[in-house]
**Q** 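For reference, the structure I am asking about is given below.
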Protein chains: 2
Amino acid sequence: MARTPVWKSIAIALTDDIAQGRYETGGKLPAEAQLSARFGVNRHTVRRALADMAAQGLVHSRRGAGVFVAAKPTDYPIGKRVRFHQNLAREGRTPGKKLLTLETRAAGLREAEALRLTAGDPVLVYDGLSLADGQPIALAQAVFPAGLLPGLREALEEESSITKALKRCGVEDYTRRETRIAAKLATATQALHLQISEGAPILRTTSVSVDTTGTPIEFGRTWFAGDRVTLTVGGET
Amino acid sequence: MARTPVWKSIAIALTDDIAQGRYETGGKLPAEAQLSARFGVNRHTVRRALADMAAQGLVHSRRGAGVFVAAKPTDYPIGKRVRFHQNLAREGRTPGKKLLTLETRAAGLREAEALRLTAGDPVLVYDGLSLADGQPIALAQAVFPAGLLPGLREALEEESSITKALKRCGVEDYTRRETRIAAKLATATQALHLQISEGAPILRTTSVSVDTTGTPIEFGRTWFAGDRVTLTVGGET
DNA sequence: GGGTAACATTTGTCTAGTTGTATAGCTGAT
DNA sequence: ATCAGCTATACAACTAGACAAATGTTACCC
């Protein structure tokens, strides 16, 4: 007759609290010390419960910060028309962006090929962090042909969305010609930005977008935090 | 001529030690390993003795912590005027309270009926643990009509007693209109808070308190640890 | 304003000690 | 022969305390 261990009943109680909405998704749980006081139990026992919940993907902890209710993996549709803001708004989440770097440099081989340029042609490289409800979702790099899109740099600095910035440069619409998906492990830098641990799984997508005339406009590489995003393909989005 | 078993003589010796005041009530006994060394027997034999004493309510053990001398069952008078602090102080024990949760939510059917509200009306729910000399005595849940008592939440957070908090909200006096008593078995969560074993007997009281005008003010449910409390009814307290 | 230094908070990890439970075996009395 | 009483050993579950490492906050200075 194995009675339910203490840590398990704590895990159940906390799971119930989350399910009841007493703690918001993405929100912070009380500190372990507070929880141990609330349940009248040693902190280690609380940690055992939290570890169980973390293994189920219900919560995740950050040393020095706290324990957070894990947000459900975001479904991110990949199709002809990929719009970050729309994709997230549809899921009922608040999209956000953080500009990391914005620079003009010479195109590399890979980039030149994708954008139908010559290696060495000037390209505008946008590095940014995509957020959902304030939580990092993806690292995005977009490479634009600088020669074709004058004024894009300023537009990207001011506008909150790439779609809007492109529109200001005369690109009314654009679609994805191709998207490739691969699974990788996070490097230290990526892990830092995405607030995941080094070596955690990430999804890398590589894409080429073209305007209505079929001219390549953007060469994009995006790294998604593997446990926060599920890519979906096939809806006619 | 059945000789007294070894474990029994150990139990007698320890019981005598307690009676002689060699171990304070509420204090910790030496670890089982130490006792087994002292009596020159196996730890299991000591455990057999302790189990016997625990069955008599003389001691109680907490895994990982030790074996403690049990306090005598507290007499807890239930009448028109039930005040936790007073009830315990009269017995010469030090009352204590620990706030577990405090939330505002919609009233359930049962609660609405008792408080003469409509199901769905906002109620303030107080969950707390009552202590005597630091030992858990009872789990208490009190449901207040949130609409009638603005500011009660803050008062409950700051004051140590419900009576005082109510006074701050203008309730000078209140009495019990009714108390129902039932015997139940402890659930895992209850057992955790009361530091008893799952399935141990508990006393559940359900009460409705009214102010001087007869308006229901509190709907209370309390779970007493069965072997630590004896409810008394009938004194004109 | 921006950088930085100090401080408090919080999680991560480690060591040690204690009770709870399970299994196996020995011994003497009936 | 059986069986209750006890020994022996091992592991699981929980407590207790301490310290390290990361983070967030605040005050302060230039």
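Residue numbers begin at 1 in each chain, while the letters A, B, ... track the order of the sequences.
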**Q** I'd like to know if the side chain of B:Thr45 and the backbone of B:Val41 have a donor-acceptor N/O pair within less than 3.5 Å.
**A** no
**Q** Between D:dC6 atom P and B:Phe39 atom CZ, what is the distance in whole Å?
**A** 14 Å
**Q** A:Ala165 and A:Leu156: which non-hydrogen atoms are nearest, and at how many Å?
**A** CB-CD2, 3.7 Å
**Q** If you compare every side-chain N and O of B:Ser61 against the phosphate oxygens of C:dG20 (OP1, OP2), does one of them come in below 4.0 Å?
**A** yes
**Q** Can you measure B:Lys8 atom NZ to D:dA4 atom P for me and round it to whole angstrom units?
**A** 17 Å
**Q** Answer yes or no: side-chain N or O of A:His44 and base N or O of D:dG17 forming a donor-acceptor pair under 3.5 Å.
**A** yes
**Q** Identify which nucleotide among D:dC14, C:dT19, D:dT7 has an atom closest to any side-chain atom of B:Arg47, counting heavy atoms from C-beta outward.
**A** C:dT19
**Q** OP1 or OP2 of D:dA13 versus the side-chain N and O atoms of A:Thr45: is any pair under 4.0 Å?
**A** no
**Q** Taking the six-membered ring of B:Phe84 as reference, does the cationic atom of B:Lys97 (NZ for Lys, CZ for Arg) lie under 6.0 Å from its centre and within 45° of its axis?
**A** yes
**Q** Pick the closest DNA chain D nucleotide for A:Val6 and for B:Arg48 by heavy atoms, then say which residue is nearer the 5' end.
**A** B:Arg48
**Q** Around B:Lys164, counting heavy atoms of other residues, nucleotides and ligands shown, do more than 12 lie under 6.0 Å from its NZ?
**A** no
**Q** Dump the pairs, protein N or O against N or O of nucleotides 3-10 of chain C, anything under 3.5 Å, distances to one decimal.
**A**
from	atom 1	to	atom 2	distance (Å)
C:dT10	O2	A:Gly64	N	3.4

**Q** Select one nucleotide: of D:dC6, C:dT19, C:dG12, the one nearest the side-chain heavy atoms of B:Arg43.
**A** C:dT19
**Q** Kindly state whether the ring of B:Tyr126 and the ring of B:Phe144 have centres lying under 6.0 angstrom apart.
**A** no
**Q** With a 4.0 Å limit, can you tell me whether A:Trp7 has a side-chain N or O closer than that to the phosphate oxygens OP1/OP2 of D:dA13?
**A** no
**Q** Tell me: CG of A:Asn42 to P of C:dC14, nearest whole Å?
**A** 17 Å
**Q** Determine whether the side chains of B:His60 and B:Gln135 contain a donor N or O and an acceptor N or O closer than 3.5 Å.
**A** yes
